[in-house]
Amino acid sequence: MVRANGAVSLRELARVVQTSEVTVRRDVRALEAEGLLDRRHGGAVLPGGFTRESGFPQKSHLATAEKTAIADLAANLVEEGEAIVVGAGTTTQELARRLARVPGLTVVTNSLLVAQALAHANRVEVVMTGGTLRGSNYALVGSGAEQSLHGLRVSRAFLSGSGLTAERGLSTSNMLSASVDRALVQAAAEVVVLADHTKLGTDTMFQTVPTDLITRLVTDEPPAHDDRAATELQALADQGVQIAVAGGQGGSAGAAGPGGEAVPARQQRRDVPLPGPRRQVPGAGGGLRSAAMLGEQAAGAERARVADLRRR
């Protein structure tokens with residue numbers, strides 16, 4: 001299955017072979033010892049460091065239940081009358097199927113699959129980018145796609161990818177796809193990443209969205225034994241990413257930390273206005289005064305000097 005698909009999740013593998021994830025994990029560990037595959041958070045990939053990109057037919061059968069839950073939760077973020085961009089991917093395709101019910105929506109996309117999912121939604125306007133068709137994932141890429149996004153401004157971008165880490169953010173295995181995704185990010189006020197737990201901790205060749213530009217991550221709940229995925233979620237939250245976990249407590253924005261405690265959603269630190277610098281006022285008994293107070297003090301001194309000159 002790994003040779004055919006490039007990657008496989010333990011949940012999917014356990015369903016296919018009709019056994020427990022504990023048994024599958026033990027077998028995967030043995031196969032890794034023989035050099036036949038590399039383990040990743042919640043799954044396995046072909047050996048050799050960075051994962052290669054699988055084609056759409058293979059990816060569409062991986063983590064299907066998780067992608068459905070993620071799409072359900074992400075759809076709740078979209079409001080009537082919004083303008084958004086949706087990138088290419090199997091998870092974003094699932095999201096598009098749910099967006100067909102949102103009236104007055106405008107969706108800009110480079111994905112033929114996203115456009116197809118919305119083709120019969122009479123209350124949704126679909127705007128396609130230009131570009132060259134990349135058949136492996138049915139997406140438009142290249143300079144034509146990027147140029148058509150120049151000057152565009154929407155409320156949110158919904159993107160997927162091949163891997164997500166707190167250190168590098170979202171990444172993908174294809175250079176052309178990464179370049180278009182970066183253009184989609186530039187067009188949006190907020191960036192929402194859709195990634196199932198098998199992508200957490202996976203690093204691929206081309207960075208698309210650095211961590212500090214990710215507003216929110218919508219993911220599924222990692223297995224209880226997957227401490228590394230929980231640690232990755234905590235690291236993302238510590239860097240200001242809001243975490244929304246499908247299948248968690250009411251689908252609220254939160255995640256399980258390494259010890260099982262809840263990790264609350266964090267506000268983006270870059271959106272919080274910081275107060276201006278304060279200076280020490282000489283002779284003020286060690287107290288602090290703002291720059292505005294210093295200005296008033298200087299103006300009062302100038303007025304007293306002018307009055308003294310007039311008296312003279």
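As a basis for the values below, the full set of heavy atoms in this structure was taken, side chains included, without hydrogen atoms, waters or symmetry mates.
A continuous path of ILVMFWY side-chain contacts below 4.5 Å connects V16 to L37, so both sit in one hydrophobic cluster. V22 and L13 fall into different hydrophobic clusters, defined by Ile, Leu, Val, Met, Phe, Trp and Tyr side-chain heavy atoms under 4.5 Å apart, directly or through other members. If you chain together hydrophobic residues whose side chains sit under 4.5 Å apart, V28 and V17 fall into the same group.
Taking CG of L213 as the start and CD of E190 as the end, the distance is 12.5 Å to the nearest 0.5 Å. Atom CZ of R25 sits about 6.0 Å away from atom CG of L10, to the nearest 0.5 Å. One distance of note links OG1 of T172 with NZ of K199; it measures 8.5 Å at 0.5 Å rounding. The CD atom of E21 sits 10.5 Å away from the OG1 atom of T23 when rounded to the nearest 0.5 Å.
Between E94 and R97 there is a salt bridge, since a side-chain N of the basic residue sits under 4.0 Å from a carboxylate O of the acidic one. Salt bridge annotation for R11-E66: present, with a cationic side-chain nitrogen under 4.0 angstrom from a carboxylate oxygen.
Listed by chain and residue number, E232, A235, L236, Q239 satisfy the side chain to side chain contact (heavy atoms under 4.5 Å, CB included) test with A166 (two or more places apart in sequence, or in another chain). Scored by the side chain to side chain contact (heavy atoms under 4.5 Å, CB included) test, D72 finds T68, R98 as partners (sequence neighbours excluded).
Between F206 and A178, the shortest heavy-atom contact is CB-CB, 3.7 Å. In this structure, L118 and A96 approach most closely via the heavy-atom pair CD2-O, 3.2 Å. The two residues N137 and A88 have their closest heavy-atom pair at ND2-CB, 4.2 Å. Taking all atoms of both residues into account, the shortest heavy-atom contact from S148 to A145 is OG-O, 2.7 Å. Of all heavy-atom pairs between A237 and I243, the closest is CB-CG1, 4.1 Å. In this structure, L217 and V241 approach most closely via the heavy-atom pair N-CG1, 3.8 Å.
Although no hydrogens or angles enter the test, the distance criterion places no donor-acceptor pair under 3.5 Å between the side chain of S162 and the main chain of T204. In terms of modelled atom types and a separation under 3.5 Å, the side chain of R29 and the main chain of V24 share no donor-acceptor contact. Judged by distance alone, the side chain of R156 and the main-chain N or O of L77 form a donor-acceptor pair under 3.5 Å. Remark: side-chain polar atoms of T208 are paired, donor with acceptor, to backbone N or O of L170 under 3.5 angstrom. Side-chain N or O atoms of T132 include none that pairs as donor or acceptor with a backbone N or O of G142 at under 3.5 Å. A distance-only check finds a donor-acceptor pair linking the side chain of S160 to the backbone of L194 [under 3.5 Å]. Formation of a donor-acceptor pair under 3.5 Å by the T211 side chain with backbone atoms of G169 is found in this model. Side-chain atoms of D220 do not come within 3.5 Å of backbone N or O of A246 as any donor-acceptor pair.
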As a quick check of understanding, evaluate side chain to side chain contact (heavy atoms under 4.5 Å, CB included) for L164 and T202, giving each step before the final call.
CA-CA 6 Å; L164 177 65; T202 299; over 6 Å; no
Please determine whether side chain to side chain contact (heavy atoms under 4.5 Å, CB included) holds for the pair T219 and L233, giving the CA-CA distance in whole Å, both sets of side-chain angles, and the decisive distance to 0.1 Å.
CA-CA 10 Å; T219 186; L233 285 177; 4.0 Å; yes
So F158 and V78, side chain to side chain contact (heavy atoms under 4.5 Å, CB included) or not? Walk me through it.
CA-CA 10 Å; F158 291 86; V78 182; 3.6 Å; yes
Could you check V193 against R216 for side chain to side chain contact (heavy atoms under 4.5 Å, CB included), going step by step and ending with a plain yes or no?
CA-CA 6 Å; V193 170; R216 186 187 300 268; over 6 Å; no
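A donor atom on one side chain and an acceptor atom on the other are found under 3.5 Å apart for D196 and T198. Judged purely by distance below 3.5 Å, without hydrogens or angles, the side chains of S179 and E146 pair a donor atom with an acceptor atom. A side-chain donor from one of S155 and E82 sits under 3.5 Å from a side-chain acceptor of the other. Between the side chains of S177 and R134, at least one donor N or O lies within less than 3.5 Å of an accepting N or O.
Checking L95, L73, V245 one by one against V218, the side-chain contact (heavy atoms from CB on, under 4.5 Å) holds for a single residue, L73.
I84 is listed as a side-chain neighbour of L99, based on a closest heavy-atom distance under 4.5 Å. Side-chain atoms of L184 and L159, non-hydrogen and from C-beta on, do get closer than 4.5 Å to each other.
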Under 3.5 Å, side-chain donor or acceptor atoms of residues 100-115 against the rest of the protein: list the pairs with distances, not counting sequence neighbours.
unit_1: T109; atom_1: OG1; unit_2: V86; atom_2: O; d: 2.7
unit_1: T109; atom_1: OG1; unit_2: S111; atom_2: N; d: 3.0
unit_1: N110; atom_1: ND2; unit_2: L140; atom_2: O; d: 3.0
unit_1: S111; atom_1: OG; unit_2: L113; atom_2: N; d: 3.3
unit_1: S111; atom_1: OG; unit_2: V114; atom_2: N; d: 3.1

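Counted within 6.0 Å of CD on E32, heavy atoms from surrounding residues, nucleotides or ligands total more than 12; the atom is thus considered enclosed.
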